[in-house]
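Right, one structure below, let's go through it.
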Amino acid sequence: RSNWKSKPPECGSFMHLHLGLKAEALPSEMPLHYSVIRDWEEPIDATGNVVIISVPSVVNPALAPPGRHCLHAYLAATEPFELWKGLDRRSPEYAQLKRQRAQPLFEAVERAVPGACENIDLELIGSPLTHA
């Protein structure tokens, strides 16, 4: 009980991926949530190893336009903020790093829902600098 007062270790930041997908890309009996583990031999907090995916429009179709689904995937607290410090969010370097660091998210989405990445209508990548 005395451990609860000690400061927990700091963790990394987040990467987010918000997608608008064509509904035909998803299975008709799609689960609401997925957890995708890249490698069970790696630590659970290794950067990019665990991706959480949620498709809220499977339980509330009003969250997406007709014939579409919304998907949110994220890397929870494993993204090193140091990579992002000092970057100008309008720079080509920032855009390139954002795309590169989002790769584990795209790979996890494709692993959970094969063919999803070929049916993206809307794509928003959130970095530790924006979360949106």
Side-chain angles (χ1 to χ4, degrees):
R1 193 147 211 238
S2 63
N3 287 342
W4 74 272
K5 290 182 180 182
S6 64
K7 182 181 176 187
E10 289 189 26
C11 56
S13 193
F14 290 73
M15 287 294 298
H16 293 270
L17 178 62
H18 299 275
L19 299 176
L21 299 169
K22 296 174 187 148
E24 69 258 16
L26 305 178
S28 59
E29 296 298 317
M30 175 113 172
L32 173 60
H33 299 292
Y34 291 92
S35 294
V36 179
I37 311 332
R38 182 183 57 212
D39 185 345
W40 286 97
E41 300 298 316
E42 285 188 49
I44 199 82
D45 60 351
T47 301
N49 195 34
V50 177
V51 175
I52 307 301
I53 300 172
S54 179
V55 189
S57 53
V58 299
V59 294
N60 184 352
L63 294 174
R68 301 294 186 264
H69 278 293
C70 55
L71 181 147
H72 175 220
Y74 66 96
L75 294 169
T78 63
E79 181 64 14
F81 185 77
E82 298 76 33
L83 297 173
W84 302 89
K85 259 186 175 169
L87 282 177
D88 177 352
R89 294 184 309 184
R90 294 174 301 259
S91 72
E93 295 81 14
Y94 173 75
Q96 183 179 359
L97 183 62
K98 196 160 88 162
R99 170 74 47 196
Q100 173 195 349
R101 301 300 294 178
Q103 274 313 115
L105 296 168
F106 285 102
E107 291 166 7
V109 166
E110 193 62 29
R111 195 167 149 200
V113 187
C117 291
E118 297 167 9
N119 289 280
I120 297 171
D121 280 340
L122 174 71
E123 172 189 299
L124 300 170
I125 300 171
S127 77
L129 297 182
T130 62
H131 286 278

field: Atom pair CZ (F14) and OG1 (T130), whose distance is rounded to the nearest 0.5 Å
entry: 13.0 Å
query: Going from CG on L124 to NE2 on H16, what distance comes out if it is rounded to the nearest 0.5 angstrom?
result: 12.0 Å
Note, W84 side chain near S13 side chain (heavy atom, < 4.5 Å):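 No, side chains not in contact.
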- request: Provide the closest heavy-atom pair for V36 versus A112 in the form atom of the first, atom of the second, distance.
  value: CG2-CB, 4.0 Å
task: Quick one: closest heavy-atom pair of S127 and K98, and the distance?
output: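 Reported closest heavy-atom pair: CB-CD, 4.2 Å.
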Side chain to side chain donor-acceptor pair (under 3.5 Å) against [X], all qualifying residues, sequence neighbours excluded:
X    : value
R38  : E42
S57  : H69
Q103 : none
D45  : none

query: In this structure, are over 12 heavy atoms from other groups packed under 6.0 Å from F106 atom CZ?
result: yes
- prompt: When clusters are formed by joining ILVMFWY residues with side-chain heavy atoms under 4.5 Å apart, either directly or through shared neighbours, do V58 and L63 land in the same one?
  reply: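 No; L63 is not reachable from V58 via cluster members.
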- prompt: Could you give all pairs that pass the salt bridge (charged side-chain N to carboxylate O under 4.0 Å, His left out) test and reach residues 75-86, with sequence neighbours left out?
  reply: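 Those involving residues 75-86 are E79-R101.
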field: Pair listing, salt bridge (charged side-chain N to carboxylate O under 4.0 Å, His left out) test, anchored in residues 51-60, at least two apart
entry: none
Solution key, residues 19-35 side-chain donor-acceptor pairs under 3.5 Å, sequence neighbours excluded:
| from | atom 1 | to | atom 2 | distance (Å) |
| --- | --- | --- | --- | --- |
| H33 | ND1 | S54 | OG | 3.4 |

Residues that A73 engages under side-chain contact (heavy atoms from CB on, under 4.5 Å), provided they are two or more places apart: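 Once residues adjacent in sequence are excluded, the partners of A73 under the side-chain contact (heavy atoms from CB on, under 4.5 Å) criterion are L17, V51, I53, L71, L105, V109.
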statement: Residues pairing under side-chain hydrogen bond (donor to acceptor under 3.5 Å, both in side chains) where one sits in residues 109-122, two or more places apart or in two chains, turn out to be R68-D121
- request: Applying salt bridge (charged side-chain N to carboxylate O under 4.0 Å, His left out), name anything that partners E123, two or more places apart in sequence or on another chain.
  value: R99
- request: Quick one: list whatever passes salt bridge (charged side-chain N to carboxylate O under 4.0 Å, His left out) with D39, sequence neighbours left out.
  value: none
field: Donor-acceptor contact present, side-chain T78 to main-chain L75, <3.5 Å
entry: no
